[in-house]
Amino acid sequence: MPEKFLKPFDPSATEGRIYAEWEKSGYFNPDNLPEGSNKQPFTIMMPPPNATGVLHMGHALGLTIQDILIRYKRMCGFATLWLPGTDHAAIATQSKVEKEISKKEGKSRHDLGRDELLKRIDAFVAESRSTIEKQIRVLGASCDWSREAFTLDDTRNRAVNTLFKHMYDAGLIYRGNRIVNWDPKGQTTISDDEIVYEERPAKLYTFRYSKDFPIPIATTRPETKVGDVAVAVHPDDARYQSYVGKEFDAVFCDVPIHIKIVADKEVDPAFGTGAVGLTPAHSHIDWDIAERHALTHEVMVINEYAKMTVSGCLEGKKTTDAREIVVEWLTNEGLLEKTKDIQQNVATAERTGGVIEPLPKLQWFVEVNKEILGRNKTLKEMMLDPVRSGSIAMMPEHFEKTYVHWIENLRDWCISRQIWYGHRVPVWYKGEEIVVGAAPADEGWTQDEDTLDTWFSSGSWTFSTLGWPDNTADLERFHPTDVLVTAYELIFFWIARMILMTEFALNTIPFRTVYFTGIIRDAKGQKFSKSLGNGADPIDIVEKFGADAARMTLVVGNTPGTDMRLSDDKIKGYKHFANKLWNIARFVLANANEEKNGNKTWPSGPERDHLSPREHELLTECDALTQDVTKDLEEYRIYLAADKLYHYAWHELADKILEESKPILSGSDAPAKASRQALLLTLFDRTLRLLHPFMPFVTEEIYQSMPTRDSEFLMIAKWPE
RNA sequence: GCGCUCUUAGCUCAGUUGGUUAGAGCGUACGCUUCACACGCGUAAGGUCGGAGGUUCGAAUCCUCCAGAGCGCACCA
């Protein structure tokens, strides 16, 4: 028996070495797998972590699930491709680098200029990516590094530009002046999904535009009222019916306004006074109502810096200051009727925290409700159909309902961003002329200044990673992918967009199954976050307890889509389990052989015919477990499979079988002893194989010393049947 | 407002889509330096499965209602 078994299992002395051997073997790459397997492909695209920093425990969970599936399928003889990558995460990355530069050098991006800022970001991203790659390795991920992709590299850029052009040619991408979510802090538009609503106390003011204006209006934003063009009331509201269609003029806080009374069923007669002052340029619903009644749309009174643009006493004031001025003016004029404290949901930008200012802007959009020529479907339908028909299954299933509900309410997707880092909008202008796709050869063209929403490129991840738009062998072989493992928070951002892009570009699904992971929380149930100071770096945990322990902790009993609490005690428990396996190995290796003149002979078999009834029972039990675990893995019940194996190894194999074998092994009945030795080897070998996807390091390390070893690595050993 | 989920032992959670005395980990109590392992071994305490009805031979599991917790989307003019 190798001497290492005389000491407790030491993950830190083992894992790095084993990973290096695996990587060197080339077996992470499906092209290098040994002959003899059926070579049917099994593909997972790794969700590319943001290149903004380091991985957290949520990533560790996702990577573990994926690695379990990949290792399991590899052992089953599949040509397993797990393709790793990182995401440039446009806004997140740029704002992070900008923050750092501003802190260290006191400079803004405008001080540096576009080229210099991009250089700085590239340097930051290069470093960040190498950290992330290191972390992925430490966790034991058996992904194919030779195919590693980045969402902003040349291949992916070509995919994005091609996709943009195809969608533009199909009439699905248009440029329009529409009301968008403007983030004054980040100085960019953001999509509806990047908005976070924060509940804040606010004041609801009830007032009239002027003394002779017949209807009182309620608003939380008096400063926007200088941009009002109409008042909307519910058509059935008896109080106001006689005014519908009438028009009024007033001078509101130095600003002349013209107000028409319109009737629209969108208005809730029970809220406020039952009458809405319409500010089409600075409110989404007002914009929609104004559109329905052919009212003026684009009278902006607030600019990109959230400052007032009207002349008079409000000119150049910040909206918050302007609000006070207007309220004071209303009070002095005797127009303010009531002030009420309310709770209000304020739209803020996810990344910057800035309060969203709706503004009309000339932007690029993806139209989701337009029927596509030759396909007889809208993008919305393309997103819905595969999920409704079951060609894409979600785990847990109830997320399918959430998904469908969201898509049904989907609006056009604003894809242009006023930031510099990312795929630049592939459109060139020269006077009235416009070229989409690739840069024109002749002189005098200017490229659109904007970049694309980062999810536009992420949406093509399952096929851009395989070389699309070229018709590559990889694309042919590995797409559609089998399963996508991601946090449920990304169901709309990413899953929906991948389905959209893939259906549009390839007329097929991106993946057959979506496995949603929950959020990993600390022992108190709080989310891990830097501001709370409870951050748990997977690397620290691996150093302390080993990757196998970290992986088991994240997986056992952790059902898909459910949040999980993590504590050191839990991880410690699975570190002990790794050591338990180590000790079982010590016992088995020491007792399951005969030694003559220093030479060991291992029993062969076991021969089923010669087993005692009890041994036969034990083997049958193990067969049942094997089938059970296999079925669980096939049906993505990883949490159960892990639990069962833990239980079997510790409380069945160690506690019962090893114990009851002791008298036989030390007894004098030679045939009984040989039979038992063979059985122990078989059962333990089986356990190692079944556990390998979950705890790859300790099982591989033991396997290397097992007399039952029949392949170079346990990683490519045969999955038991 | 629309939609979704959860409520099981002190704590954190399973319970494989109705089937024998409801499970695990941690914790607790007691006892063990037993020659694989103290990163261990053994034993024990602890649950009317949120509540009320219903379907069924049979319900933690399916249906209805109620109570509490959480989440998503939309919106609050």
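In what follows, chains carry the letters A, B, and so on, assigned in the order in which the sequence lines appear, proteins first and then strands, with residues in each chain numbered from 1.
In the region residues 546-555 of chain A, proximity to RNA chain B at under 4.0 angstrom, judged on heavy atoms, holds for none of the residues. A heavy atom closer than 4.0 Å to some atom of RNA chain B occurs in A218(A), T219(A), T220(A), K225(A), these being the qualifying members of residues 216-226 of chain A. Non-hydrogen atoms lying under 4.0 Å from RNA chain B are contributed by V267(A), D268(A), all within residues 258-270 of chain A.
Both tests hold for R178(A) against F365(A): distance to the six-membered ring centre under 6.0 Å, angle to the ring axis within 45°.
Identified under the salt bridge (Lys or Arg N to Asp or Glu O under 4.0 Å) test for residues 572-586 of chain A, with sequence neighbours left out: D569(A)-K572(A).
Legend: residues meeting side chain to side chain donor-acceptor pair (under 3.5 Å) with W413(A), ordered by chain and number and at least two apart, are D453(A). Here Y646(A) pairs with nothing under the side chain to side chain donor-acceptor pair (under 3.5 Å) rule; sequence neighbours left out.
Using a cut-off of 4.0 Å between Lys/Arg side-chain N and Asp/Glu carboxylate O, R388(A) and E408(A) are scored as salt-bridged.
Nucleotides U7(B) and G50(B), compared at atom C1', are 6 Å apart to the nearest Å. When the C1' atom is used for both C65(B) and C71(B), the distance is 23 Å, rounded to whole Å. Using P as the reference atom, C39(B) and G27(B) are 13 Å apart when rounded to the nearest Å. Rounded to whole Å, the separation between the P atoms of G58(B) and C66(B) comes to 27 Å. A77(B) sits 28 Å from C4(B) when the C1' atoms are compared, rounded to a whole Å. C62(B) and U12(B) have their P atoms separated by 23 Å, given to the nearest Å. Nucleotides A60(B) and C6(B) place their C1' atoms 14 Å apart, quoted to the nearest Å. Of the C1' atoms belonging to G70(B) and U16(B), the separation is 25 Å, rounded to the nearest Å.
The side-chain heavy atoms of L653(A) and I584(A), taken from C-beta on, include a pair separated by under 4.5 Å.
Under a 3.5 Å cut-off, the side chain of Q241(A) and the backbone N or O of P235(A) do form a donor-acceptor pair.
For the residue pair Y209(A) / D228(A), a side-chain donor-acceptor distance below 3.5 Å is found, with atom types taken as modelled. In this structure, a donor-acceptor pair under 3.5 Å is absent between the side chains of T626(A) and D628(A). Checked by atom type, the side-chain pair R676(A)/S661(A) shows a donor-acceptor distance below 3.5 Å. At a cut-off of 3.5 Å, with distance as the only test, no side-chain donor of E652(A) or H647(A) sits close to an acceptor on the other residue.
Between Y197(A) and C75(B), a side-chain N or O to OP1/OP2 separation shorter than 4.0 Å is present.
When distances are taken from the side chain of Q344(A) to each of A74(B), A77(B), U16(B), the shortest belongs to A77(B).
As judged by a 4.0 angstrom heavy-atom cut-off over every strand, F5(A) is placed among residues making no nucleic acid contact. Among the protein residues, G561(A) comes within range of no part of the nucleic acid, since none of its heavy atoms lies under 4.0 Å from any strand.
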Contact list (N/O, under 3.5 angstrom) for nucleotides 9-15 of chain B vs protein:
{"from": "U12(B)", "atom 1": "O3'", "to": "R565(A)", "atom 2": "NE", "distance (Å)": "3.4"}
{"from": "A14(B)", "atom 1": "OP1", "to": "T559(A)", "atom 2": "OG1", "distance (Å)": "2.8"}
{"from": "G15(B)", "atom 1": "OP1", "to": "Y639(A)", "atom 2": "OH", "distance (Å)": "3.3"}

Which pairs, protein N/O on one side and nucleotides 1-5 of chain B N/O on the other, fall under 3.5 Å?
{"from": "C2(B)", "atom 1": "O2'", "to": "H405(A)", "atom 2": "NE2", "distance (Å)": "3.3"}

Steps toward side-chain hydrogen bond (donor to acceptor under 3.5 Å, both in side chains) verdict (Y72(A), E634(A)): CA-CA 9 Å; Y72(A) 160 65; E634(A) 283 299 325; 2.6 Å; yes
Compile the donor-acceptor pairs under 3.5 Å between side chains in residues 213-221 of chain A and protein atoms, sequence neighbours left out, one pair per line.
{"from": "T219(A)", "atom 1": "OG1", "to": "R221(A)", "atom 2": "N", "distance (Å)": "3.0"}
{"from": "T220(A)", "atom 1": "OG1", "to": "Q344(A)", "atom 2": "OE1", "distance (Å)": "2.9"}
{"from": "R221(A)", "atom 1": "NE", "to": "E223(A)", "atom 2": "OE2", "distance (Å)": "3.0"}
{"from": "R221(A)", "atom 1": "NH1", "to": "E357(A)", "atom 2": "OE2", "distance (Å)": "3.0"}
{"from": "R221(A)", "atom 1": "NH2", "to": "E223(A)", "atom 2": "OE2", "distance (Å)": "3.1"}
{"from": "R221(A)", "atom 1": "NH2", "to": "E357(A)", "atom 2": "OE1", "distance (Å)": "3.2"}
{"from": "R221(A)", "atom 1": "NH2", "to": "E357(A)", "atom 2": "OE2", "distance (Å)": "3.0"}

Tabulate below the donor-acceptor pairs under 3.5 Å that side-chain atoms of residues 392-403 of chain A make, not counting sequence neighbours, or state none.
{"from": "E400(A)", "atom 1": "OE2", "to": "M394(A)", "atom 2": "N", "distance (Å)": "2.9"}
{"from": "Y403(A)", "atom 1": "OH", "to": "M383(A)", "atom 2": "O", "distance (Å)": "2.9"}

Summary of protein contacts for nucleotides 30-43 of chain B, nucleotide by nucleotide, where a base hit scores B, a sugar-phosphate-only hit scores S (4.0 Å, heavy atoms): ------BB-BSSS-
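Helical stems in RNA chain B, defined as runs of 3 or more consecutive Watson-Crick or G-U wobble pairs with donor-acceptor distances under 3.5 Å: B:1-7 with B:67-73, B:10-13 with B:23-26, B:28-32 with B:40-44, B:50-54 with B:62-66.
For F248(A) and Y243(A), the ring centers sit 6.0 Å or farther from each other.
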